[in-house]
Every structure is written in structure tokens, then in C-alpha cells.
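Encoded as C-alpha cells, the structure appears first; notes follow it.
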Amino acid sequence: MSKRVRVRFAPSPTGGLHLGGVRTVLYNYLFAKKHGGDFLVRIEDTDQSRYVPGAEEYIFDTLKWCGLEPDESVQHGGKAGPYRQSERKDKYREYAEQLVKDGYAYYAFDTPGELEKMRQDLKTEHHSSSQYDHTIRMKMKNSLTLAEGETEKLLAAGTKHVIRIKMPEQETVSFTDMIRGEVSFETSLVDDKVLLKADGMPTYHLAVVVDDHLMEISHAFRGEEWLPSAPVHILLWKYLFGLENMPQWAHFPLILGPTGKLSKRDGAKYGFPVFAMNWTDPKTGELTEGFKEKGFLPEAFINLLALLGWNDGTEQELFSKEELVEKFSMERVHSAGAKFDYEKAKWFNHEWIKKSGVQGLRFEVRSLLTKNGITVGDDNLLDNVIELVKDRCTLLPDFIQQSSFFFKTPETWDTESVKPKWNQDKKNFFVAYAEKMQSAGEWNVAALESSFKELAVEKNIKPGELQLPLRIMLVGGKFGPPVFHIAELLGKEESVRRINLSLPLLGI
RNA sequence: GGCCCGUUCGUCUAAGGGUUAGGACACCACCCUUUCACGGUGGUGAUACGAGUUCGAAUCUCGUACGGGCUACCA
């Protein structure tokens, strides 16, 4: 069994991609790369009523931002296409009919109204299940119950119908999940799932099996929410292509919000993003914020996602994509769901900002500042500023407050922080210090600091009491890196100018 | 309700029969710093419960409780 590793991410384009989705992509990608295999993306758009314009493009934009590009997809091409199920529509019917022919499925002509009635009746009977299963299928209108020749007649007349799988009455279906080990189900408890819908499109159950076969998928990974329908897929593999050709399965643990499976609502309610990037619902115009726009680095995003349900067994927590590819293993993926913790997510981002070199941050910081009306100029100053302030930035937008004042003279000064302790002596000090700066030969942190302290001693004022006023004059507020570092980068002219500009505002 | 999956500090997790049950986030204290952070040191804090197997169980088995998922002509 040395089949080439081929895995797939199979989203349905119905909206933004959330944390769980991206993590599924990530684990697929890591597994494929680790084993030198292929990672494909297949668009599962068999439900036309749920089609959302822009959603497919959004998925690819997200993968690109994350650096998890597929080897084969609608956008990347490949030999196993088309990669959009709606374009593969004609492939599915023959498999469904083959199943009918072999006695593993049947035609069903029940109308939605009849199904509804069946469910109502069963409910009032206070039976446990309201499923279309072996206990009731002989009471419904299908090719199992119709008189000889009746089915053919209906079919020939073009009657709306679906094809349902005929679940065995007494069988135990089991398979080995790479994460959970052996999992088994009693077929008598599973309903006769629809395989082919009345509109001729396959349901997920048929499509996933047929396409995984046609695309030669070796390992099928998906979220835990699919576990209950696995027996249907196992049976389909057995009937159609043989169990020996079936991919190996792994069902990933769910990513949980404060209450249950993480949802878009959780994000809005608790104030953290759940989508990878901003998503605007084309129908309602509602915007859901993304990690990207919130100020996360893709490296951090991937890192935090990888650790939500997996670890390498050591105490290492910071991994680059390359390290993840090297160290990832399905055996170390957890079976229990993981609750998402936004505080920890921010910690990852902070670590990655600190870890990142200036060149990796330059573009983002520049565009952020520009967007906020700051003219940045050449890379030289920008690079120095980034190097100086990045340790105090958790999210990218933190760079705005931490560095705007390097490029733009403050418009307002927080004089209230200084005024209560302000006096004539201090004012004299700054007049003198500005003059001293003006004539300074050396312009660096050490020189600035020592001349500041010397002058303070000379004027008999504690240097500590003068630092906050200096900061306010240069920065405008109580923030930013150490003052002398600020003055150094600001340069002589600008530093002196800001002192002279703000000094009168303090009065006396 | 039925079926399936799961259960170690508040959160993410390590420890696959023998450890004072380790680390990280968050929190608290102290140090550094008379901006705010970063950083450093220390601290609070967990094996859901009950049986069993075993000389020995967080680790294996069973039961209970709790949590989650699924139960559509949606994926």
C-alpha cells in the first residue's frame, strides 16, 4: 500500500471561513507536505439554494493569505478536475443507479409533504426516531413498495424522485479513525440517506465518496461533526469501489466557543474574530471581522491554529510553517474538542511580531500608517521605528499609536499630566535643554541622556521629574518607547521644535 | 429521546502503570523601568465521580455524571 498521499479540503461556499475550517485546511496541508503528497481543494456546491456569491473566491483568498496554497483546485488546475461539484453533476447519477441495480439503494417518490406527515405521525407516536429508515421504508412510496412495473412507469413519466441508500437491517459497520481508533455503528440505527436529490444533484454523502475515489484521495480528513454519517460513507465505499480502496479517515476535534461549537455569533458576542478574513454577507451587507484585519500575522494565525488540538510532545509552542510540516503527525492530534482562547491567540501574535524581522513588518506597518493619514517617507526611519517599538505591539494596529508621532508632530499635548507639578524652575530647565540640544555635537541616546542629567543636577531638579514632561513635549501623550530613543530618531531639529512648540502650552 | 465522540489547573496542553502531576496563556506578588510595555523571579490553580484489574493507575476495564456533535432532497 504505497499509494501516493493525496488529501483534500472540501468546503461548501456558503460564507466566510472560520477557525475550524482553516485548521482543517492546515492539517490537510501539513499532512500532504510532510508526506510529499498533494493537497487539493474541491468546492462542494451541490446545494444550489445555499449558493453565496463571492464565497468561493473568499476561500481562495484566505488560503493565499495563510500561505496554504493547494496543488490542485478550481484556481490551480490539475488532472482530476473539474474541482467544482456542480460541474461534475453528470458523473454521480450512474453510481447511484448502479447502487439501485445492485440492491443497495432505491428510488423514492415521497413528496416533501408526505415526508413531513410521516415525521409528524412518528413524533406523536412518541417513538424515539422520526427517521426514514428500515422500520418505515416499507410504508413509504418507493421502488421497494410500489407494484411491479410501477416504478418504471413513474420514472418514464419523469416523476420527481430521489435515490436513497438502503441501510442494512442488522450490520455493524466499523472503521479505524487515525485519531480515535476503532469506531463502530449499528446500521439499524442509521437512516436511509438521500444520495441523489430530486434536482439530479448528489448529496454530500454520494459526492464525497465518488469524488474521493475519482480524485484518488488517500486520506480523508474532516471535522468531527461528520462522524455520525461515516457509516453511510463506509458502506458506499464497500458497495461502489471496495473497502480496500477506501481512504484512511481522521475526524478532527471541534473548535469550541464559550458555549458549544464555535460560531459566528460567538465572535460578535465576545468580541473576537472567528473568520480568517473580513467577510461581508452579500445579502445582508453584514460584516464579520477577520483575524487578518484585526491585525494578526498569518504566521501567528497558523501557529495558534496548529496548536489548537495538536502539539509535538515538547514544550515548544512557537512553530513556523516549515517546522510544522516537519513535526506534524496525525497520531498526536487530540480527540477532544478545544475551546478557543482569544487571549492566548493574541499572545501568539505578539510573539510573532517580536520574532519578525523589520522587513517582514515593513509593508503592513507602512500601509496601516498611511491609511491613518500618516506620511511615512523612506524606509530608513520606518525601519528604525519598527525595530524600536515592535516589542510593545500585540496586534498590528498597535503600531499606529506606538509610532505615528515619529512621523507627525502631535496636534494635541496631554498637558494635564504635567501641569499639577509644573513650575518656573522646570520651565527654565527645558528652555536651557532646548538650547543645549541645538548646539549638541553628538546626537544619540547616550549623549542626550547624559546632557539631560547633567543639566538637571545643575538646576537642582530630580531628573525623574523631568522625564514625563519631556515625553509629553515630544510625543504628545504618555506612551511610546523610552524618551531618549524617541529624541534620537526624531533628530535635532524636530526635537527642539517640539519642545519650543509645546512649552508655552504649559503656562507660567 | 436515540446514536456517536469526548472528560488533567479558568483556557490550551505534557506525563502512553511508578513524577513533589510539567509547561504556556490569563491572574496575583516582587524586581527592572519614575510613560506604557518587554523582560526576570516567585505564587494561586487540575487528573469529574464510583467500582474493578494491579505490589502500584491521570494512564487499563466497566458503570455513573457531565460536556459536545449528529439526528434535512445542508454541507
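Since the structure is predicted, the reported quantities are computational estimates derived from the model, not experimental observations.
Pairing partner, B:U61: B:A51, with both Watson-Crick or wobble hydrogen-bond distances short of 3.5 Å. Within the shown strands, B:C31 is the pairing partner of B:G39 under the Watson-Crick or G-U definition, both distances less than 3.5 Å. The partner of B:A21 is absent, by the rule that a Watson-Crick or G-U pair needs both atom distances under 3.5 Å. Nucleotide B:G1 forms a Watson-Crick or G-U wobble pair with B:U71, both donor-acceptor distances falling under 3.5 Å. When both pairing distances are held under 3.5 Å, B:C66 makes a Watson-Crick or G-U pair with B:G6.
Counting non-hydrogen atoms under 4.0 angstrom, A:Val183 reaches the backbone sugars and phosphates but no base. At the heavy-atom level, A:Arg332 lies under 4.0 Å from the strands shown only through sugar-phosphate atoms. No contact: A:Phe348 has no heavy atom under 4.0 Å from any strand. No contact: A:His251 has no heavy atom under 4.0 Å from any strand. Across all strands, A:Gly223 comes closer than 4.0 Å to no nucleic acid atom at all (heavy-atom distances). Heavy atoms of A:Pro253 sit nowhere under 4.0 angstrom from any nucleic acid atom. Within 4.0 Å (heavy atoms only), A:Ser184 reaches sugar-phosphate atoms of the nucleic acid but no base atom.
Residue A:Asn311 places at least one side-chain N or O closer than 4.0 Å to OP1 or OP2 of B:A14. Between A:Lys346 and the phosphate of B:A26, there is no side-chain N or O to OP1/OP2 separation shorter than 4.0 Å.
Side chain of A:Thr187 to backbone of A:Glu171: a donor-acceptor contact under 3.5 angstrom is found. In this structure, the side chain of A:Arg42 does not engage the main chain of A:Gln85 through any donor-acceptor pair within 3.5 Å.
Ring centroid separation for the pair A:Phe272 and A:Phe340 comes in under the 6.0 Å cut-off. Separation of the A:Tyr270 and A:Tyr342 ring centroids does not fall under the 6.0 Å cut-off.
We find that A:Lys117 and A:Asp121 are joined by a salt bridge, their nearest charged nitrogen and carboxylate oxygen being less than 4.0 Å apart. At a threshold of 4.0 Å, the pair A:Glu351-A:Lys355 does not count as salt-bridged, since none of the basic side-chain nitrogens sits closer than that to a carboxylate oxygen. Salt bridge annotation for A:Glu225-A:Arg222: absent, with no cationic side-chain nitrogen under 4.0 angstrom from a carboxylate oxygen.
Rounding to whole angstrom units, CG of residue A:Asp398 and C1' of B:C38 are separated by 13 Å.
Spacing of C1' atoms, B:C30 relative to B:C12, comes out at 27 Å, to the nearest Å. To the nearest whole angstrom, the two P atoms, one in B:C5 and one in B:G23, are 34 Å apart. B:U53 and B:U47 have their P atoms separated by 24 Å, given to the nearest Å. Between B:A29 and B:U44, the two P atoms lie 15 Å apart (nearest whole Å).
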Are there any protein N/O atoms within less than 3.5 Å of an N/O atom in nucleotides 68-75 of chain B, and if so, which ones and at what distance?
| unit_1 | atom_1 | unit_2 | atom_2 | d |
| --- | --- | --- | --- | --- |
| B:G69 | OP1 | A:Lys261 | N | 3.2 |
| B:C70 | OP1 | A:Lys261 | NZ | 3.3 |
| B:U71 | O2' | A:Gln131 | OE1 | 3.1 |
| B:C73 | OP2 | A:Arg164 | NH2 | 3.3 |
| B:C73 | O2 | A:Ala198 | N | 2.8 |
| B:C73 | N4 | A:Asp110 | O | 3.1 |
| B:C74 | OP2 | A:Lys197 | NZ | 3.1 |
| B:C74 | O2' | A:Asp47 | OD2 | 3.1 |
| B:C74 | O2' | A:Arg50 | NE | 3.2 |
| B:C74 | O2' | A:Arg50 | NH2 | 3.3 |
| B:C74 | O2 | A:Arg50 | NH1 | 3.2 |
| B:A75 | OP1 | A:Thr46 | OG1 | 2.9 |
| B:A75 | OP1 | A:Lys197 | NZ | 3.0 |
| B:A75 | OP2 | A:Tyr204 | N | 3.3 |
| B:A75 | O3' | A:Glu44 | OE1 | 3.2 |
| B:A75 | O2' | A:Ser12 | OG | 2.8 |

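Looking only at side-chain heavy atoms (C-beta outward), A:Glu186 and A:Gln170 stay at 4.5 Å or farther from each other.
Residue A:Glu351 places its side chain closer to B:G39 than to any other of B:U13, B:U35, B:G39.
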